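This is a predicted model, so every value here is computed, not measured. Lettering of chains follows the sequences in order, A, B, ..., and the numbering in each one begins at 1.
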Number of protein chains: 4
Amino acid sequence: MAKAPNAARRSESSRRAILTATQELCGENGYRRVTVEAIAARAGVSKKTIYRWWPSKGAVVLEILDEAASITADPPDTGDLAADLHTQLTEVIGLLAPSHTSPAAGLIAEALQDPDLGRELRERVIEPRIAKFRERLRRAQQQGQLSPDADLDVALDLLYGPLYHRLAFHLGMPDPDYLDTLIAHALRSLTPPDSTN
Amino acid sequence: MAKAPNAARRSESSRRAILTATQELCGENGYRRVTVEAIAARAGVSKKTIYRWWPSKGAVVLEILDEAASITADPPDTGDLAADLHTQLTEVIGLLAPSHTSPAAGLIAEALQDPDLGRELRERVIEPRIAKFRERLRRAQQQGQLSPDADLDVALDLLYGPLYHRLAFHLGMPDPDYLDTLIAHALRSLTPPDSTN
Amino acid sequence: MAKAPNAARRSESSRRAILTATQELCGENGYRRVTVEAIAARAGVSKKTIYRWWPSKGAVVLEILDEAASITADPPDTGDLAADLHTQLTEVIGLLAPSHTSPAAGLIAEALQDPDLGRELRERVIEPRIAKFRERLRRAQQQGQLSPDADLDVALDLLYGPLYHRLAFHLGMPDPDYLDTLIAHALRSLTPPDSTN
Amino acid sequence: MAKAPNAARRSESSRRAILTATQELCGENGYRRVTVEAIAARAGVSKKTIYRWWPSKGAVVLEILDEAASITADPPDTGDLAADLHTQLTEVIGLLAPSHTSPAAGLIAEALQDPDLGRELRERVIEPRIAKFRERLRRAQQQGQLSPDADLDVALDLLYGPLYHRLAFHLGMPDPDYLDTLIAHALRSLTPPDSTN
DNA sequence: GTTTAATCGAGACGGTACGTCAGGTCTTATC
DNA sequence: GATAAGACCTGACGTACCGTCTCGATTAAAC
C-alpha cells in the first residue's frame with residue numbers, strides 16, 4: 001500500500017491526454033506499432049508519468065476499453081431475444097473491427113501471450129459484461145425463450161465464439177444477415193425441439 | 001530475380017536446427033519471449049541464415065505448424081459424425097493449449113496484428129485443413145446427417161468458434177464432456193427438427 | 001525581488017538536517033553518487049526546500065565546507081615557519097582525503113567543470129583561507145624567514161601545488177615526512193642563498 | 001576472454017568517427033555537457049557500438065588523450081634544462097586550458113570521483129609520460145644540473161603541482177614568465193646551494 | 001489572539017540521458 | 001555462393017535524477 005502512487009494528486013489532464021493519445025495512435029498505426037514513447041510524445045507527457053500509473057502499454061489500452069465499457073449501457077432487453085442478441089453482438093463486432101486498428105483486438109492479441117494482462121482484461125472488462133449478458137439470457141430462459149435446462153455457458157460460446165474464430169484468422173466479421181443466421185442456429189440449439197416459438 | 005536465394009544450396013541441417021530450436025524455445029519460454037537472436041544461438045546458426053530463408057520469427061513458426069499439419073492425417077471419418085468431430089476438435093485443442101507455450105497460439109496472437117503473417121497463416125495452414133474439414137461435413141450432409149440446406153460456414157463457426165472464444169480470454173479449453181455438449185448443440189442446430197437421428 | 005525567499009522564516013532544523021544528510025551521504029557513497037533526491041529523503045525534507053535555498057547539490061556541499069572553514073582556526077603562528085606550514089598543510093590534506101568520499105574533493109571535481117560553482121568555491125572558501133595563509137607568509141617574510149623579494153604566489157603554488165597534483169591522479173596524499181621534504185624545498189627556494197637560517 | 005568483442009572485426013571508421021565527434025563536442029559544449037547520445041548522433045553511430053568498445057564517456061575521452069600522447073614526442077632534451085622544462089610544461093598547459101572545454105581537464109575532473117577511470121587515466125596516460133619526464137630529470141641529475149641526492153618525485157610535485165593547483169581553483173594557467181619563475185624556484189631548491197650554476 | 005502569508009512535507013510532473021535489448025542489415029572469413 | 005560469427009544502425013525499452021510545480025498542513029510574523 002505504501003508504495004502505491006498517491007492517486008489523490010494524480011493529474012487528470014495528463015491521464016486524459018495519455019488515453020486520448022493512445023486511442024489516436026492505435027487508430028493511426030495499429031496497436032502493434034504504438035509505443036510508449038510515441039504516446040508520451042503525443043500526450044505531451046513524460047514516460048515516467050505513464051509508467052507511474054500503468055505497467056505497460058497494454059494496461060493503458062485496457063483502461064480505455066474499461067472506460068468505454070463503463071459508458072456502454074447494459075445489454076438491451078426489448079423482449080425480442082434474437083433482436084437483442086443481434087444488437088449486442090453488433091456492438092461487440094464494432095469494438096473488434098477493423099482488427100488491425102482496433103485497440104480491443106490489439107489488446108486481445110497481446111493478452112493471449114501475456115497471462116497477467118490476460119487476467120486483467122478478463123476480470124476488469126470481459127467478465128462484468130459477460131455477467132450482464134448472461135443475466136439477459138437467464139431472463140429469457142425464465143420467460144421460456146430458452147430451454148429450462150440450457151447451459152448458458154454453451155450459449156455464450158455459441159454466440160461469441162464465431163466472432164473470435166473469425167477474428168483469429170482475419171475472416172472478416174459477420175455481416176448482419178449472417179449474424180442473424182448464427183443467432184438463429186444458436187437459439188435453435190438451445191430451445192426445446194417441440195417449442196412452439 | 002537474381003537476388004532470390006538459391007534453394008538448391010540450402011543447408012538442410014541448418015533448416016532443421018532452426019525449426020527444432022524454435023520449437024524448443026517456444027516450449028520453454030513461450031512464443032512471445034522467443035527471439036531470432038536466441039533461435040540463432042540455440043541452433044548454432046547465424047541470424048543472416050534465418051533471415052535469408054524466412055522474413056520473421058512468425059514465418060519460422062508458421063513453417064513448424066505447416067510441417068506438423070502435413071504429417072497429421074486427414075479429419076477422421078468413422079461414420080459417427082459426432083465422434084469424428086470430437087476427435088478432430090480435440091486435436092485442435094491440443095495444438096492451442098497451453099496457450100502461453102503453444103507455438104500455434106503464439107502465432108495466432110501475432111498474426112492478429114500482422115496482416116501479412118495472418119494471410120500466410122490462413123492460406124498455408126488454416127484453409128487447407130478447413131477445406132478437408134468442410135469436405136467431411138459435406139459427406140455427412142450428403143448422408144443426411146446434416147440438414148440438406150445447412151450452411152457449412154455456420155457449422156465451422158459453431159464448432160471452432162468456442163475454442164477461439166475461450167483462447168481469447170484464457171477461459172481454458174473445453175474438457176471432453178463439455179466438448180460433447182458443444183458438438184451436440186451445433187449438430188442439433190444444423191439438423192432438421194424432425195430428424196430421426 | 002518579491003520572489004526572494006524570506007530568510008527570517010527559514011527552518012533551521014531543515015537546514016541542519018539537509019547539511020547533515022549530505023555530509024553522511026558523501027561519506028557513504030562518495031560525492032558523485034549523492035543525489036538531491038537522496039538528500040531530501042534522508043533529511044526528511046522535500047526537494048523543493050532544498051532548491052529554495054540552494055541552486056544545486058554543489059552549493060549545499062559548499063556550505064558545508066564554508067561552515068567547516070569558519071570553525072577552523074586561523075593558520076597557526078608559533079614562530080616556527082616550517083612547523084606551521086606542516087600543521088596547515090596537514091589540515092588541508094585531511095580535508096581532501098580520502099578523495100572519493102571527501103566532500104571537498106568532490107566539490108573541487110565538480111567545480112572544475114562548472115565555472116559558476118568554481119567561482120563560488122573560490123570566493124567563499126578558498127580565497128579567505130588563502131588570504132590568511134598569505135598573511136602568515138608575509139609575517140614570516142617581514143621577519144626575514146623568507147627572501148624579501150620572494151613572490152608569495154609562488155610560495156602558494158609550491159606549497160599547495162603538490163597536494164592538488166597528487167589529488168588529480170590519485171597519487172595519494174604526502175605522508176608527514178614527505179610533506180616536510182616538500183616544505184623544506186619550497187622554503188629553500190624562497191630563502192636567500194646566503195641566508196644563515 | 002570469450003566474452004570480449006572481436007576486435008578483429010571492429011570498424012575503424014566508426015571508431016574514428018566516435019573519437020572525432022567526442023573531441024568536437026568537448027570543444028563546443030565542454031566535457032560535462034557531452035553525452036553518449038550526442039556522441040552517437042554526431043558520429044552517425046549507434047549507442048550500442050560505443051558501449052561495445054568503451055564502458056563510459058570517460059573511457060572514450062581517455063582514448064583520445066592516449067592517442068594524442070602517443071603522437072607527442074618525448075620530452076625535449078636540448079641540454080638546457082630550464083628551457084626544456086618550460087617547453088614541456090607549456091605543452092601540458094596547452095592540454096589543460098581552457099579548462100571548461102579541454103577534454104583533459106574534464107577527464108581529470110571525472111576521474112577524481114571515479115577510481116576506476118582514475119586508475120586507467122594514471123596507468124595509460126599519465127605514468128608513461130611522467131616516466132619519460134623523470135628520465136629527462138635523471139639525465140640532468142647525472143650531468144650535475146641537479147643535486148645528486150635530489151628526490152625526483154619532489155621535482156615532479158614542484159613542477160607539475162602548480163598547474164593542478166591553479167586548475168583546481170580556476171586560477172588561470174601560468175603565463176610564460178611566471179612559469180619561468182616557478183621553474184627557477186623548483187630548480188634552485190633541487191640544486192646544491194654552492195652550485196656554480 | 002487572530003489573521004495571513006511564506007515555508008514546509010510530500011511527491012507528481014515534463015524532461016534528458018542513461019545503459020540494455022532485439023530487430024533486421026551488412027561484412028568478413030570459411031567452407 | 002551459402003554459411004557462422006558477429007558488428008553495425010535503428011529505435012524502443014524501463015529507470016534515475018533533474019529542477020519545477022501543486023497540494024494541504026504548519027508556523028511564525030503582522031495585525
Side-chain angles (χ1 to χ4, degrees), chain A residues 5-15 17 33-41 43-53 55-57, chain B residues 5-11 13-14 17 33-41 43-57, chain C residues 2-11 13-15 17 33-41 43-57, chain D residues 5-11 13-15 33-41 43-53 55-57:
Chain A
N6 186 341
R9 310 212 166 189
R10 182 168 187 180
S11 158
E12 177 59 19
S13 70
S14 290
R15 184 175 158 276
R33 273 190 283 272
V34 174
T35 66
V36 175
E37 304 237 310
I39 295 171
V45 136
S46 79
K47 284 199 290 176
K48 178 79 196 208
T49 297
I50 297 178
Y51 284 114
R52 183 161 17 235
W53 302 108
S56 66
K57 165 178 81 158
Chain B
N6 182 341
R9 297 207 164 209
R10 180 168 188 180
S11 157
S13 71
S14 290
R33 274 191 281 274
V34 174
T35 66
V36 175
E37 307 238 312
I39 295 171
V45 136
S46 85
K47 287 202 288 175
K48 180 85 188 192
T49 299
I50 297 178
Y51 284 112
R52 191 174 354 251
W53 303 109
W54 295 276
S56 66
K57 166 178 79 158
Chain C
K3 292 302 182 64
N6 182 342
R9 298 198 164 209
R10 181 168 188 181
S11 158
S13 71
S14 289
R15 183 175 159 276
R33 274 191 281 273
V34 174
T35 66
V36 175
E37 307 237 309
I39 295 171
V45 135
S46 85
K47 286 201 291 175
K48 180 84 189 195
T49 299
I50 297 178
Y51 283 112
R52 191 175 353 249
W53 302 108
W54 294 276
S56 67
K57 166 177 80 158
Chain D
N6 185 342
R9 310 212 166 183
R10 182 166 187 181
S11 158
S13 71
S14 290
R15 182 175 160 278
R33 274 191 281 274
V34 174
T35 67
V36 175
E37 304 234 310
I39 296 171
V45 137
S46 79
K47 285 200 288 177
K48 178 81 194 207
T49 297
I50 297 178
Y51 284 113
R52 182 162 20 236
W53 302 108
S56 66
K57 164 179 79 158

How close or far is atom P of E/dG19 from atom CD1 of D/Ile50, stated in whole angstroms? 11 Å
Rounded interatomic separation in angstrom, taking CZ from A/Arg52 and P from F/dC17: 15 Å
C/Lys47 side, atom NZ; C/Thr49 side, atom OG1 - distance, nearest 0.5 Å: 12.0 Å
Between A/Arg33 and C/Pro55, which is nearer to the 5' end of DNA chain F once each is assigned its nearest nucleotide? A/Arg33
If you compare every side-chain N and O of A/Trp53 against the phosphate oxygens of E/dC13 (OP1, OP2), does one of them come in below 4.0 Å? yes
Looking at OG of A/Ser56 and OH of A/Tyr51, how far apart are the two atoms once the value is rounded to the nearest 0.5 Å? 8.0 Å
Of all heavy-atom pairs between A/Ser46 and A/Ala40, which one has the smallest distance, and what is that distance? C-CB, 4.2 Å
Over how many whole Å does the gap from C/Trp54 atom CH2 to F/dC18 atom P extend? 15 Å
So does C/Arg9 reach the base of F/dA29 with its side chain, donor to acceptor, closer than 3.5 Å? no
If I take atom CZ from residue D/Arg52 and atom OG from residue D/Ser11, how far apart are they, to the nearest 0.5 angstrom? 10.0 Å
Can you work out whether A/Val45 or C/Ser14 has the more 5'-proximal nearest nucleotide on DNA chain E? C/Ser14
Can you figure out which of E/dA22, F/dG19, F/dC13 approaches the side chain of C/Tyr51 most closely? F/dG19
Under-3.5 Å donor-acceptor pair between C/Lys48 side chain and F/dG19 base: no
Atom-pair distance (CD on D/Glu37; C1' on F/dC13), nearest Å: 12 Å
Map D/Ser11 and A/Ser56 onto DNA chain F by nearest heavy atom, then report which one ends up closer to the 5' terminus. D/Ser11
Is any side-chain N or O of D/Thr49 closer than 4.0 Å to OP1 or OP2 of F/dC9? yes
Residue met sooner reading DNA chain E from 5', once D/Val34 and B/Thr35 are mapped to nucleotides: D/Val34
Using a 4.5 Å cut-off on heavy atoms from C-beta on, say whether the side chain of A/Arg10 contacts that of A/Trp53. yes
Mark yes or no for a side-chain to base donor-acceptor pair under 3.5 Å between C/Lys47 and E/dG11, with no hydrogen or angle criteria applied. no
d(CD1, B/Ile39; P, E/dG24) in whole Å: 11 Å
Tell me whether the OP1 or OP2 atom of E/dG15 has a side-chain N or O from A/Ser46 closer than 4.0 Å. no
Phosphate OP1/OP2 of F/dA2 contacted by B/Arg10 side-chain N/O (<4.0 Å): no
